[in-house]
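Here's the structure, in structure tokens; my notes come after.
Letters A, B, ... are given to chains in the order of the sequence lines, protein chains preceding strands, and every chain is numbered from 1.
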There are 2 protein chains.
Amino acid sequence: MSGRKWNFNPGPSVMPVPALEKAKEALLDYDGTGIGIMETSHRSKEFGELYGKLQERMAKLLALPADRKILFFGGGANLQFSMIPMNLLPEGGHADYVNTGTWANKAIAAAQLVGKVDVVASSKNDEGKFPRVPTPAEIQVTAGAQYLHLCSNNTIAGTQFHAWPDTPEVPLIVDMSSDIACRELDWSKFDLVYAGAQKNLGPAGVTVVIISQKLLDRCGDDLPMMLNYKTMAAKDSLGNTPPSFPIYMVGLVLEWIEQQGGIAAVEKVNRAKANLLYGLFDDNPDYFRAPVEKASRSLMNVVWRLPSEDLEKQLIAEATADGFVGLKGHRSVGGLRASIYNAMPSQGVEQLVDYLKKFAAK
Amino acid sequence: MSGRKWNFNPGPSVMPVPALEKAKEALLDYDGTGIGIMETSHRSKEFGELYGKLQERMAKLLALPADRKILFFGGGANLQFSMIPMNLLPEGGHADYVNTGTWANKAIAAAQLVGKVDVVASSKNDEGKFPRVPTPAEIQVTAGAQYLHLCSNNTIAGTQFHAWPDTPEVPLIVDMSSDIACRELDWSKFDLVYAGAQKNLGPAGVTVVIISQKLLDRCGDDLPMMLNYKTMAAKDSLGNTPPSFPIYMVGLVLEWIEQQGGIAAVEKVNRAKANLLYGLFDDNPDYFRAPVEKASRSLMNVVWRLPSEDLEKQLIAEATADGFVGLKGHRSVGGLRASIYNAMPSQGVEQLVDYLKKFAAK
């Protein structure tokens, strides 16, 4: 796309051009119906078809176990931080959480409003930073925990889980907002996965929840429909008007992933893109300082520092002017960050690496 | 728009063509930034500007009192049914509700999960139908009620409030999902108004809440951020990633309303459109049977019956084939319904009236 910039923002973030092109055609006339996609009733045959196809495609692409239900909510991952304990942490129960930084912390705080929380592992170091995620051996669940919660990828710290705790007796719940669909996974390990769409699945405004029948059976009955996994599952998330256009976009993004060759193919590209950046850092460790331990490096959010904050500011300013947007690290940690989600083309990362090399050489 | 059908669906529903055209241009490149609108960070200067302008425009168009805060939520009006009592019905308190049919009933049921509810007025008749809304005189609040709740327009029954209860001592809360921005109102009467966008304001996926400082001050402190009016107001609804594209569309729809000449101009057209249909019914009462009492007729959702269900089915089938979509009444009441929101052009209603006349003449 001429005129398009390389968008390294952490979310909302870059989306696949073919999905955007297709949406463009559907705004005034969806699929020859004479009605735009945003104007299409969620009770229509057309929406029903795209919705069914989307769920089918997601189940197939992710290779979900047969009993998993795919639900859609508004309110972002933040609402899930509360809904999970509201549905699954009954009075007198307790739940285990892993602390890997900001997002995990927000989930912990939300759960503490509902019930007893045990933080069973943390990767916080003496400086208050999170340069890694805990190993599976470090994560020991408490007896009788209702569930174990962790955040698979921390967009701020640039860390990601590459090995999972094995807790057959305690259901594993994962906030996969920033790395869902980036790699092949054994989904039978997870009883509940949730993800705000605005990184790897679509635009902001819809959150996907993938939940096992086992957990659905454990949900309480006394919550209002919009906060109740069981009711939402019984109504296939269509008990009220869903965020239909964001859902439609998720369908287009999944279609694009399928066209790339599926999750395995996307993962291969993601690993190659990440290796380009991490390779540059490892070859020039005095200039490009990668704070994350190698075993915990994120494929999605690559963070680094330069020798001085002045140099960092200069790089961000120059890169922005030259068409590389969104490289500023999160305000809580500073430094630089390149978010290279599925939809970021290899070319974008290659050009960024060249740019960084030239900047370092100056 | 050639190829566009007349879309009389109750929601998601017809949107203004100029807003859709503008969105189309922004999907791959918003305002020359080189980044599509859905890909634009909610922390960016660009989004901040459009968001500020949207709030300013809404406040001006609706002529809101100065202390009103405009908030944005996911989860639809259904989530507000629960949030209102969660925030504003403290333990031991009680709240008054008016029952005008389906949506009011859902709000009542959601509030009953939280606390004590008094249904202080109802327009249900002996047949279980709701052919009108209560008069202000019929709505007597209970002593010490935390608030009075009503739904200003019932999309299913085709009724609308045209006079408001005067309850200076009890805050008035109104579900305006299907008629916000359709007419000039004295907004100082309302302490909290909420509206799912998918009828008169934009696409599904965002709900607007307009709340007075007085009510914000009364909200509890112990709710999670996403369910807490006070926290959301303190963060200007940007505590997490908002449904940015649906919000953007709301901005475009407001811009379009402004271009029409504002709410007064839109109201004039709305009254003319509604009069065309009601006029037809009143001139042919034996064939077009309008079940709603004249004083309660909705400007937005016009419902009617034909002499037989077979004729109704025939009309729906033929009209759909001829480009008039969405005329089927809600499954709970049957009959016919034309939803003629702001974005439905006069021409669409004129053509529908001609079509109905010809159908009746056959």
K24(A), NZ atom: more than 12 neighbouring heavy atoms under 6.0 Å: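 Counting neighbours around NZ of K24(A), more than 12 heavy atoms of other residues, nucleotides or ligands fall under 6.0 Å, so yes.
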Under 4.5 Å from a heavy atom of chain B, the part of L113(A) involved: side chain
T33(A) versus chain B, the contacting section by heavy-atom distance below 4.5 Å: backbone
Whether T40(A) side chain and G36(A) backbone form a donor-acceptor pair below 3.5 Å: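 Yes, the answer is positive, given that a donor and an acceptor are paired below the 3.5 Å cut-off.
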Worked verdict on D175(B) versus Q80(B) for side-chain contact (heavy atoms from CB on, under 4.5 Å): CA-CA 9 Å; D175(B) 174 1; Q80(B) 299 306 313; over 6 Å; no
Audit row: K116(A), E91(A), salt bridge (Lys or Arg N to Asp or Glu O under 4.0 Å) steps and yes/no: CA-CA 9 Å; K116(A) 185 173 181 304; E91(A) 217 171 317; over 6 Å; no
Nearest heavy atoms of L89(A) and A111(A), plus distance in Å: CD2-O, 4.4 Å
Do you know which of [options] has the most heavy-atom pairs with chain B at a distance under 4.5 angstrom?
options	answer
G75(A), G11(A), G34(A), G74(A)	G34(A)
I247(A), V325(A), L227(A), D222(A)	L227(A)
P224(A), G205(A), A110(A)	P224(A)
P243(A), P12(A), A197(A)	P12(A)

E318(A) vs K313(A), salt bridge (Lys or Arg N to Asp or Glu O under 4.0 Å): CA-CA, chis, key distance, verdict: CA-CA 9 Å; E318(A) 290 183 15; K313(A) 274 185 200 160; over 6 Å; no
Working for salt bridge (Lys or Arg N to Asp or Glu O under 4.0 Å), residues D221(B) and K230(B): CA-CA 8 Å; D221(B) 279 315; K230(B) 202 189 267 182; 3.2 Å; yes
Interface moiety of [X] toward chain A, non-hydrogen atoms closer than 4.5 Å:
X	answer
S244(B)	both
S41(B)	both
M225(B)	side chain
P10(B)	neither

Cationic N near anionic O, under 4.0 Å, R4(A) to E39(B): yes
Chain A contacts, top residue of N9(B), V206(B), V14(B), V114(B) (heavy-atom pairs, under 4.5 Å):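 Maximum pair count with chain A is reached by V14(B).
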